[in-house]
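Both counts, for ligands and for their atoms, begin at 1 and track the order of listing.
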Amino acid sequence: MTARAQAPREEAAASRFRGSGGVPEVPGSVVRLIERLERAGYESWTVGGAVRDALRGNAGRAGDWDLATRATPRQVRRLFRRTVPLGIEYGTVGVFGDDGVLHEVTTFRHDVATFGRRAVVAFARTLEEDLARRDFTINAMAWHPLRRELRDPHGGARDLREGVLRAVGDPRERFREDYLRILRGLRFAGAFGLRIEPRTWQGMVEAVPGIARLSRERIRDELLRVLSGPAPSRALELYERSGARAVFLPELTDGLGPAALATVDAVRGKRAEVRMAALLVLGGGVRPAPILSRLRFSRAEAGRIAAAASSGPGPDPVLLANPAARRRWMARTGRRKLRGVFRLWLAALRAGASPSSREAVLGLVAAARRDQRCGVPLSVGELAIAGRDLLALGWSPGPRIGRTLGSLLEAVWEDPALNRRSTLLHLAREGVPDPGPGPARGHRRER
Ligand code: ATP
Ligand code: MG
């Protein structure tokens with residue numbers, strides 16, 4: 001759909017919201033959950049992010065609809081056949097709607113005590129108490145789909161309309177209670193293009209050192225949510241300006257400047273891993289591995305991110321001048337991981353942040369793709385002959401076979417036309433020069 005076709009519809013949604021006070025379209029399966037609870041005598045509402053997103057004119061997924069209810073978890077579990085105990089101690093039961101989608105149904109509650117990273121909660125009697133413990137006004141609204149009533153004691157709808165992010169209650173207290181709210185707030189402000197209300201911003205900045213006390217998993221998850229959005233740069237710029245980035249990524253010597261931010265945004269397809277690699281590469285020449293393991297990325301994720309980062313923001317000129325060097329580099333990087341490298345290089349190029357020329361980047365990517373298309377081998381396992389062919393010539397098993405295959409691979413990198421069975425057997429018999437323990441050694445099969 002073109003941007004032009006889409007604009008009027010978004011405008012229509014916005015004006016409907018402005019005119020009528022907002023009419024979220026709640027999925028039928030969610031309405032029926034509420035009906036069931038209410039018929040049993042338990043006041044129940046849709047709350048939180050889905051209400052916010054609906055008021056923004058953004059339907060979202062069915063699974064994003066969370067319910068708040070006066071029913072206790074036991075009562076909820078008695079009422080529905082298919083439930084999952086998601087967090088009973090926090091009052092949350094998962095209930096399947098009749099469309100098979102799991103929804104969080106949480107008993108009204110309020111925080112009794114908080115410790116900056118976790119809270120002790122107690123059940124509350126009223127919806128208002130429940131809304132008061134939520135982080136931002138835009139997240140502290142409830143919508144009743146049967147009565148079609150919006151309950152918005154903190155002015156979230158107005159803030160949303162005016163584009164303001166505001167903490168519920170005293171900002172300093174709210175961020176001290178849970179430092180994750182700082183990162184959540186910066187994410188919402190970035191994703192929805194909100195101005196941060198001055199006292200809220202001040203409270204965030206003051207609380208920023210407390211981010212160090214959060215679990216690294218929670219920080220990583222927040223970061224990945226930002227990196228999966230349409231334009232991470234806005235939240236990342238706020239990470240930088242608030243001092244939050246320096247707390248959990250102190251290694252970046254250059255910080256997140258315009259070049260890094262533009263490159264992250266320019267990664268095609270919202271690929272969070274390539275964006276993470278771009279952030280590390282453009283943020284100032286750091287070694288990714290220790291950072292990624294500290295932030296508890298899985299080994300597989302860390303491997304892909306580090307690979308995408310491994311060749312910097314653009315190609316080494318040697319790779320352009322020398323096809324054999326290019327193929328050796330491709331082999332070292334690994335076929336599958338090359339894609340992440342190229343995506344990062346191309347993003348830097350589009351962002352105007354590449355150290356290389358357009359011709360250099362596009363030329364190298366094209367040459368590498370041509371090699372791949374033409375089946376240029378990147379490991380001895382991909383050569384047109386294998387060790388057993390040399391055994392068949394009467395060679396005895398031993399290191400000479402591996403060394404010879406390595407030399408043949410080097411020769412093929414110089415001239416891919418050599419990669420034919422007869423040619424390679426001939427070369428092996430003639431005795432390809434043994435490169436010794438040079439770079440051709442250790443080209444194993446790609447995993
Ligand atoms: P999204 O799912 O789009 O990230 P969300 O607002 O739905 O945004 P969730 O983590 O799904 O975020 O939380 C649902 C609701 O729970 C929020 O809208 C907010 O009202 C409340 N909430 C979540 N985390 C916190 C927190 N750390 N402090 C206070 N309230 C919170
Ligand atoms: Mg949500």
Side-chain angles (χ1 to χ4, degrees), residues 24 26-27 30 45-69 86-87 90-92 94 101-121 124 127-143 150-157 159-160 165-194 200 203-204 207 210-211 213-215 217-230 232 235 272:
V26 181
V30 176
W45 297 73
T46 63
V47 286
V51 175
R52 174 200 68 216
D53 292 345
L55 291 183
R56 289 182 56 247
N58 194 337
R61 295 165 303 151
D64 290 336
W65 288 90
D66 299 331
L67 275 61
T69 180
L86 289 179
Y90 295 107
T92 302
V101 175
L102 189 69
H103 296 280
E104 292 191 10
V105 178
T106 305
T107 306
F108 294 157
R109 62 189 202 195
H110 60 92
D111 294 342
V112 175
T114 53
F115 306 95
R117 48 186 281 178
R118 80 200 148 83
V120 174
V121 298
L127 173 70
E128 276 67 22
E129 285 174 276
D130 185 87
L131 294 177
R133 75 167 172 88
R134 293 171 185 269
D135 46 7
F136 299 99
T137 62
I138 59 170
N139 290 344
M141 296 182 273
W143 170 253
L150 185 72
R151 198 62 71 78
D152 179 18
H154 306 283
D159 282 344
L160 204 52
L165 182 85
R166 187 193 312 271
V168 170
D170 177 0
R172 293 170 114 171
E173 258 173 54
R174 304 319 307 280
F175 295 118
R176 263 203 307 263
E177 286 167 5
D178 180 357
Y179 297 108
L180 192 73
R181 290 172 186 160
I182 303 168
L183 297 180
R184 284 174 55 86
L186 300 177
R187 168 162 61 90
F188 295 130
F192 308 146
L194 308 176
T200 299
M204 280 177 165
I211 291 172
R213 293 165 56 186
L214 291 170
S215 83
E217 288 83 351
R218 290 179 88 196
I219 295 175
R220 175 205 58 209
D221 288 348
E222 264 303 324
L223 180 58
L224 283 176
R225 280 176 155 200
V226 166
L227 292 177
S228 311

Task: With Glu104 via side-chain hydrogen bond (donor to acceptor under 3.5 Å, both in side chains) - residues at least two apart - done: none

TODO: Identify the protein heavy atom lying closest to atom 28 (N) of ligand 1, giving its residue, its atom name and the separation to 0.1 Å.
DONE: Arg181 NE, 2.7 Å

Open item on the list: Can you confirm whether more than 12 heavy atoms, excluding those of Arg109, are under 6.0 Å from its CZ atom?
Closed with: yes

- [ ] Using a 4.5 Å cut-off on heavy atoms from C-beta on, say whether the side chain of Leu55 contacts that of Ile138.
- [x] no

Open item on the list: Is the shortest side-chain heavy-atom distance between Glu128 and Arg151 below 4.5 Å?
Closed with: yes

Task: Donor-acceptor pair, side chain of Asn139 and main chain of Gly49, under 3.5 angstrom - done: no

Task: Donor-acceptor contact below 3.5 Å, side chain Thr200 vs main chain Pro171 - done: no

List the atom pairs, donor and acceptor, that lie under 3.5 Å between side-chain atoms in residues 182-191 and the rest of the protein, sequence neighbours left out.
| from | atom 1 | to | atom 2 | distance (Å) |
| --- | --- | --- | --- | --- |
| Arg184 | NE | Asp135 | OD2 | 2.7 |
| Arg184 | NH2 | Asp135 | OD2 | 3.1 |
| Arg187 | NE | Glu222 | OE1 | 2.8 |
| Arg187 | NE | Glu222 | OE2 | 3.4 |
| Arg187 | NH2 | Glu222 | OE2 | 2.9 |

Taking distance alone, with no angle check, do [X] and ligand 1 share an N/O pair under 3.5 Å?
X	answer
Asn139	yes
Arg218	no
Gly49	yes
Arg225	yes

TODO: Kindly indicate, with the supporting measurements, whether the criterion salt bridge (Lys or Arg N to Asp or Glu O under 4.0 Å) is fulfilled by Arg218 and Asp178.
DONE: CA-CA 12 Å; Arg218 290 179 88 196; Asp178 180 357; 3.7 Å; yes

Within ligand 1, which atoms have a heavy atom of [X] less than 4.0 Å away?
X	value
Phe188	6 (O), 8 (O)
Gly48	18 (O)
Asp178	26 (C), 27 (N)
Asp66	14 (C)

Open item on the list: Any atom of ligand 1 sitting under 4.0 Å from a heavy atom of Arg184?
Closed with: yes

Open item on the list: Please determine whether any non-hydrogen atom of Arg174 lies less than 4.0 Å from an atom of ligand 1.
Closed with: no

Open item on the list: Let's go through Glu177 and Arg174 carefully: what are the C-alpha distance in whole Å and the side-chain angles of both, what is the deciding distance for salt bridge (Lys or Arg N to Asp or Glu O under 4.0 Å) to 0.1 Å, and is it a yes or a no?
Closed with: CA-CA 5 Å; Glu177 286 167 5; Arg174 304 319 307 280; 2.9 Å; yes

TODO: Can you figure out which of Asp135, Ile182, Asn58 has its heavy atom closest to atom 29 (C) of ligand 1?
DONE: Asp135

Task: Selected option - heavy-atom contact closest to atom 6 (O) of ligand 1, from Glu222, Arg52, Arg134 - done: Arg52

